[in-house]
**Student:** 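This is the structure I have questions about; it appears just below.
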Amino acid sequence: MSLRERPGGPTLPRLSAPPRADRVTVEDLLGWVRAGKVRLPAFQRPLKWETKDRTDLLDSMERGYPIGTLLLWKRPLSASGAGRKLDPGLGDPDDGDVYLVVDGQQRITTLWESLGREPRDDERAMVFEIASATDSSGDELAGNFVMRRLTRAEREGPLELRGGRLSLPLHLALDATALSEAFSTLIPRDVKRRCFDIGKRLREYPVPIYVIEGSDIEVGKHVFDRVNSTGKRLERQEIFDALIGGSVDVEDGGLGIALAPTRDLGFGEIDKSTALKALEAVRGDKVGKSDAHQLGREEASRDLERTGVALRMAVQFLRRVGFPHVAVLPYELPLVVLARFFALYSAPHPKSRVSLRRWVWRGSLREVLGGASGSLQQHVDDVVEGDEHEAVQRLLRRTGTGSPPPALESSDSFSLAHARGKLAVCALLAMHPRDLETGEQLRPELLFAEKLENAWRSIVRAPPVDHDQPPLALANRLLHPRRARSPAQLILACDDEGALTSHGLDAEACGSLRRGDARVFLALRSQLLMSRLKAYFERQAEWQRETTPPADGIVRTSLS
C-alpha cells in the first residue's frame with residue numbers, strides 16, 4: 001500500500017493491486033458462508049432491509065434480472081480485524097483466507113437466511129407459493145415469494161398441495177436431491193418441474209463480484225465509504241471497455257471491435273459479457289479471470305480483432321445448423337466455445353462440422369450446456385490446440401451416451417425464457433413460417449427485434465381446462481409479429497394454405513378453430529407440431545450416429 005495526499009483532504013491509502021472481477025454461483029457463495037469464509041468487518045452497518053427488499057431480491061434472481069455486484073475484501077484469517085461470522089452458528093475455517101463483505105451485506109445475508117439454512121421455529125422463512133394451474137398472463141405456473149412462518153405440517157413434510165397451491169420453503173431449493181425427496185407422491189409433474197426450475201435458477205444464479213486484497217484495515221474502510229457514497233457499480237465488461245476502449249483508436253474500441261464483424265449477419269446483438277468470455281477463450285485465459293489491466297494497447301487490439309473473426313465464424317456456423325438468432329440460442333456456452341474452436345481451426349474438416357452440430361444439439365436437448373462457470377471452462381479446455389479431431393471428440397463426450405432424452409410432450413409449457421422454449425422456436429423457424437397477412441417468409445432479425453414475447457403469442461385466449469393441452473402448450477402458440485388482429489383472427493382470415501402450413505396449421509385444425517372448438521383445434525395442431533419437432537431434433541442431433549473422427553484423424557492420432 002502507498003499513501004497519496006488528496007488536495008484539501010486527509011491522506012488516503014492506495015491499493016497495491018487493482019480489484020479482480022469474477023463471478024460466483026449462489027451455491028458456491030453460500031458454500032463459502034457455510035465454511036465461515038464470508039465475514040462481516042467491524043465497519044459494516046446494521047441490516048436495514050425490509051421484507052419487500054428480500055422478496056424482490058429472490059424474485060429478480062428467479063426472473064434472471066441483475067442484482068448488482070458484491071465487493072469482497074480478501075485477507076488472511078490470521079490478520080487482525082478478520083471480522084465476525086455472518087451467522088453466529090457457523091464454525092470458523094481452519095486457516096487460509098477469508099472474505100470480508102465491503103458491499104453486499106444485505107444481499108448475502110438474505111441469500112443465506114433464505115436458501116442456506118433451515119429456518120428456526122421462531123423466525124419467518126422465505127417461501128415460493130406456487131399455484132397449481134397457470135394464470136392467463138404468465139408463461140409458467142404462477143407464483144410469488146413471501147416471508148412467513150412455516151406451519152408444522154410444512155416443517156415436517158412432505159410437500160403437498162393445499163388449497164390448490166404448493167408452498168416451497170426455499171431452504172430446500174439449494175439441494176436438488178433433498179428437494180426431490182421432499183415431494184408427496186401426489187404432486188403433479190408440472191408443479192414438481194416448476195419447483196426444480198426455481199431451485200436450479202437460484203442456486204446457479206451467477207453473482208458478479210469484485211475482490212480486493214490487502215491487510216490494512218484502513219483500505220477496507222475507505223473503499224467501503226467510496227462504494228456506499230457513490231452507489232455506482234460496474235460489470236466486468238464495463239471495466240474492460242473503460243480500461244481498453246479508450247486506448248484503441250476506433251469508435252467503440254473495446255469489446256465493440258469483437259462484436260462488429262457479427263452485426264451484418266442478422267443474428268442480433270451479442271451481449272458484451274459474452275464477447276468478453278469469448279475473448280478470454282480465444283486468448284487461452286481462464287474465462288472470467290482475466291485482468292484488463294494486464295493488456296497492452298497493441299495486444300488488446302490484436303486479440304479483439306482475432307476474437308471478432310472467430311465470433312463471426314461461430315455465428316455463421318450456428319445459423320447454418322439451426323440457431324438463426326441469439327434470442328433463440330438456448331445457452332451462451334456454444335458461442336464462447338465455438339469462438340475458441342474457430343480461432344484455432346479456421347478451416348475445419350467437414351466431419352468436424354457435422355460433429356459440432358451434433359454436439360450443440362445433443363448438449364442443448366440434454367440441457368448440459370448451461371450451469372455454472374466451471375462447466376464453461378471445462379468445455380473451453382476441451383478445445384485443445386494442435387488436435388482438431390480430439391477437441392471435437394472431447395466436446396461430444398460431454399453430451400453423454402445412450403438413449404436420447406425424453407421427447408417433448410404436448411403438455412409441456414413453453415417459454416422463451418427457458419432453453420426448451422428456445423429449442424422449440426428453432427424447430428418452428430425451420431418450418432420457414434410466413435407472415436399470415438403478407439405471405440412473406442418471416443425473418444428472425446425482424447421477428448425478435450423487440451421483446452421476445454411480442455413474437456410468441458397465445459392463439460386461444462382461454463382454452464378449456466384439459467390436462468393434455470394446458471394454455472401455454474406449444475399448440476396454443478403462434479410465432480408471428482404483432483398485428484392489429486389477434487392470432488386467432490390472423491389464422492381465420494388467412495386463405496394462403498402454404499402460409500398456414502408453415503405454422504403447423506392444416507384445414508382440419510383451422511376448421512375446428514372457426515367452429516370455436518378449441519379442444520379439437522389444440523389436439524390436431526399438437527399432433528402435427530410434435531411430430532415435426534421430434535423429426536427435426538432427430539435430424540439435428542443424430543442420436544444413433546457414431547461420433548468417431550475421420551479416418552485421417554484416427555491415423556494421425558495413432559502415429560503421434
Side-chain angles (χ1 to χ4, degrees), residues 18-29 31-32 64 66 69-70 72 74 203-211 234-244 254-259 262 270-295 299-300 302-315 317-318 326 329-345 356 359-360 363-364 368-385 391-392 394-395 397-399 419:
R20 186 182 76 250
D22 206 347
R23 284 180 184 270
V24 62
T25 64
V26 166
E27 186 175 25
D28 288 341
L29 176 64
W32 295 355
T69 304
L70 306 179
L72 305 178
K74 182 180 178 181
R203 66 176 173 269
E204 294 183 358
Y205 185 95
V207 182
I209 63 173
Y210 284 125
V211 179
L234 296 177
E235 295 286 346
R236 244 178 24 104
Q237 63 271 16
E238 294 174 320
I239 294 175
F240 183 93
D241 274 348
L243 293 174
I244 300 300
L255 293 166
I257 295 176
L259 293 175
T262 69
I270 299 169
D271 192 86
K272 282 191 173 183
S273 66
T274 304
L276 179 54
K277 294 173 186 176
L279 171 69
E280 292 167 325
V282 167
R283 283 173 48 84
D285 296 337
K286 290 296 182 182
V287 178
K289 306 291 185 181
S290 65
D291 186 354
H293 295 82
Q294 305 301 320
L295 273 178
E299 182 183 11
R302 182 187 68 246
D303 289 340
L304 285 166
E305 290 174 359
R306 185 181 173 210
T307 301
V309 172
L311 276 174
R312 181 179 178 86
M313 294 181 69
V315 167
F317 173 82
L318 287 169
V326 69
L329 184 66
Y331 300 104
E332 172 191 55
L333 183 149
L335 192 53
V336 176
V337 175
L338 287 169
R340 174 166 172 79
F341 180 86
F342 286 114
L344 295 177
Y345 308 107
L356 286 173
W359 163 68
V360 70
S364 296
V368 298
L369 299 184
S373 58
S375 175
L376 173 57
Q377 187 63 56
Q378 289 170 349
H379 282 79
V380 169
D381 291 342
D382 285 341
V383 184
V384 292
E385 187 172 2
V392 174
R394 287 184 185 215
L395 292 175
R397 286 195 288 269
R398 288 203 180 274
T399 66

**Student:** Tell me whether E385 is salt-bridged to R340, with the criterion being a basic N under 4.0 Å from an acidic carboxylate O.
**Tutor:**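 Salt bridge flag = no for R340 with E385.
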**Student:** What is the distance from atom CZ of F317 to atom CG of L338, rounded to the nearest 0.5 Å?
**Tutor:** 6.0 Å
**Student:** Strictly below 4.0 Å, N to O, side chains only: are K277 and D285 in salt-bridge contact?
**Tutor:**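 Between D285 and K277 there is no salt bridge, as every charged N stays at least 4.0 Å from the carboxylate O atoms.
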**Student:** Report yes if some heavy atom in the side chain of I270 is under 4.5 Å from a heavy atom in the side chain of V315; otherwise report no.
**Tutor:**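 In contact.
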**Student:** At what distance, to the nearest 0.5 angstrom, does OG of S273 lie from CG of L255?
**Tutor:**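 Interatomic distance, S273 OG to L255 CG, rounded to 0.5 Å: 9.5 Å.
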**Student:** Decide yes or no for T69 and Y210: does some side-chain heavy atom of the first lie under 4.5 Å from some side-chain heavy atom of the second?
**Tutor:** yes
**Student:** Show, in sequence, the C-alpha distance, side-chain angles and deciding distance for V337 and L376, and conclude whether the side-chain contact (heavy atoms from CB on, under 4.5 Å) test is met.
**Tutor:** CA-CA 8 Å; V337 175; L376 173 57; 4.2 Å; yes
**Student:** Heavy atoms only: give me the nearest G288-D22 pair and the separation to one decimal.
**Tutor:** O-OD1, 3.5 Å
**Student:** With sequence neighbours excluded, what pairs up with E305 under the salt bridge (charged side-chain N to carboxylate O under 4.0 Å, His left out) test?
**Tutor:**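 Residues passing salt bridge (charged side-chain N to carboxylate O under 4.0 Å, His left out) with E305: none at all.
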**Student:** Does some side-chain heavy atom of R23 sit less than 4.5 Å from a side-chain heavy atom of I209?
**Tutor:** no
**Student:** Return yes if some donor-acceptor pair links the side-chain N/O of T307 with the main-chain N/O of D303 below 3.5 Å, else return no.
**Tutor:**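 Pair found, side chain donor or acceptor close to backbone of D303.
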**Student:** Heavy-atom distance under 4.5 Å between the side chains of P334 and L369, does that happen here?
**Tutor:** yes
**Student:** Closest approach of A314 and L335, non-hydrogen atoms and distance?
**Tutor:**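 Shortest heavy-atom contact: CB-CD1, 4.0 Å.
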**Student:** Quick check for you: to the nearest 0.5 Å, what is the distance between L72 atom CG and K74 atom NZ?
**Tutor:**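 L72 atom CG to K74 atom NZ measures 11.0 Å (nearest 0.5 Å).
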**Student:** Quick one: CG on L304 to CD on E299, what's the gap to the nearest 0.5 Å?
**Tutor:**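 Result: 10.0 Å between the selected atoms.
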**Student:** Please examine the side chains of W32 and V24, heavy atoms only from C-beta on, and report whether any two atoms are closer than 4.5 Å.
**Tutor:**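 V24 vs W32: side chains touch.
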**Student:** Would you tell me whether D382 and Q378 have side-chain atoms, one donor and one acceptor, within less than 3.5 Å of each other?
**Tutor:** no
**Student:** Does a side-chain heavy-atom distance below 4.5 Å link K286 with Q377?
**Tutor:**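 Yes, close enough: below the 4.5 Å cut-off.
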**Student:** Counting C-beta onward and ignoring hydrogens, is there a side-chain heavy-atom pair between W359 and R397 closer than 4.5 Å?
**Tutor:** no
**Student:** Over all heavy atoms of both residues, which pair between A310 and A339 is shortest? Give the atoms and the distance, please.
**Tutor:**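 In terms of heavy atoms, the two residues are closest at CB-O, 3.2 Å.
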**Student:** Say whether, by atom type as modelled, one donor and one acceptor occur between the side chain of E204 and the main chain of T25 under 3.5 angstrom.
**Tutor:** no
**Student:** If I take atom CG from residue L259 and atom CG from residue L311, how far apart are they, to the nearest 0.5 angstrom?
**Tutor:**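 Output value for this atom pair is 7.0 Å.
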**Student:** Quick check for you: to the nearest 0.5 Å, what is the distance between T274 atom OG1 and E332 atom CD?
**Tutor:** 3.5 Å
**Student:** Please find the pair of heavy atoms, one from L395 and one from H379, that lie closest to each other, and give the distance.
**Tutor:**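 The answer is CD2-O, 3.7 Å.
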**Student:** Are any non-hydrogen side-chain atoms of L318 and V326 less than 4.5 angstrom apart?
**Tutor:**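 Heavy-atom side-chain distance check fails, nothing below 4.5 Å.
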**Student:** Mind checking ring-ring contact (aromatic ring centres under 6.0 Å, His included) for Y345 and listing every partner two or more places apart, or none if nothing turns up?
**Tutor:** F341
